[in-house]
Amino acid sequence: MAEPGHMVIRTFGGRSCLCGQSGCFEQYVSVTALVRMAKESIDKNDSSFLAQMYRENGDKLNGEIIFAALDAGGRSAKAVMEEYTSILAMGINSFINILDPDAVVLSGGITERGSGFINIVQSKFTLKHRL
C-alpha cells in the first residue's frame, strides 16, 4: 500500500517533516496543517471572524472551530480552506497520475464533513477522477 503522506510537494523551503524530509504532503494536508494555516491567517488578520472565534475559545483552535467559521461565512476561514483543499487536490491528483489506483480512500476526522468537503476537493482535480 502506498504512503502518499511523505510524497514531497514543496522541494525548496518546504516544512520539515518528522520523517527527515522537507515539504512532505502531510505537512500541508493534515488537520494539524489546517490548524497551522488558520493560525497564520489569524496572525495576519486578527479582526477576522476566525480570529474572533479563536479568542472566544480561549486562544485554542481546532478543525471544528475552523469549519464553524467557514459555515458562518468567515472570509479568512474560506481562504484557508481554499488553499488547504487546493493542496489536497493537487497531491491526490499527482498520486492518481503516478499510480493509477482503482480507488483513493481519504480518512480522518476532516472527512466526516462528508460529500460537501469531498466535492470541493474533487472539483479541483485537473483530471476528472472520483473519490
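Note that these values count all heavy atoms, side chains included, but never hydrogens, waters or copies made by symmetry.
The side chain to side chain contact (heavy atoms under 4.5 Å, CB included) test applied to Asn45 returns Ser47, Ser48, Ser76, not counting sequence neighbours. Judged as a side chain to side chain donor-acceptor pair (under 3.5 Å), and not counting sequence neighbours, Ser22 has no contacts. Glu82 is linked by a side chain to side chain donor-acceptor pair (under 3.5 Å) to Lys124, counting only residues two or more places apart in sequence or in another chain.
Ser123 contributes a side-chain N or O that, together with a main-chain N or O of Ile120, makes up a donor-acceptor pair within less than 3.5 Å. Remark: the backbone N or O of Gly14 is not paired with any side-chain donor or acceptor of Tyr28 at under 3.5 angstrom. The backbone N or O of Asn93 sits less than 3.5 Å from a side-chain atom of Asn97, completing a donor-acceptor pair. In this structure, the side chain of Tyr54 engages the main chain of Asp59 through a donor-acceptor pair within 3.5 Å.
Nearest approach of Gln21 to Val8, heavy atoms of both residues: OE1-CG2, 3.7 Å. Minimum heavy-atom separation, Leu34 to Ile110: CD2-CD1, 3.6 Å. Among all heavy-atom pairs drawn from Gln27 and Ala33, the shortest one is O-CB, 3.3 Å. When all heavy atoms are compared, the tightest approach of Phe25 to Ile87 is CE1-O, 3.6 Å.
Here Glu26 does not pair with Arg36 in a salt bridge; the nearest charged N to carboxylate O distance is not below 4.0 Å.
The shortest distance between side-chain heavy atoms of Leu70 and Val80 does not fall below 4.5 Å. Using a 4.5 Å heavy-atom threshold, the side chains of Met53 and Leu61 count as separate.
One finds the CE atom of Met90 at 11.5 Å from the OG1 atom of Thr85 (value rounded to the nearest 0.5 Å).
Between Phe117 and Tyr84, the angle of the ring planes lies from 30° to 60°, which puts this pair in the tilted group.
Cation-pi geometry between Arg75 and Phe49 is not met: the NZ or CZ atom fails to fall both under 6.0 Å from the ring centre and inside 45° of the normal.
One hydrophobic cluster, built from ILVMFWY side chains closer than 4.5 Å, holds both Leu99 and Leu88.
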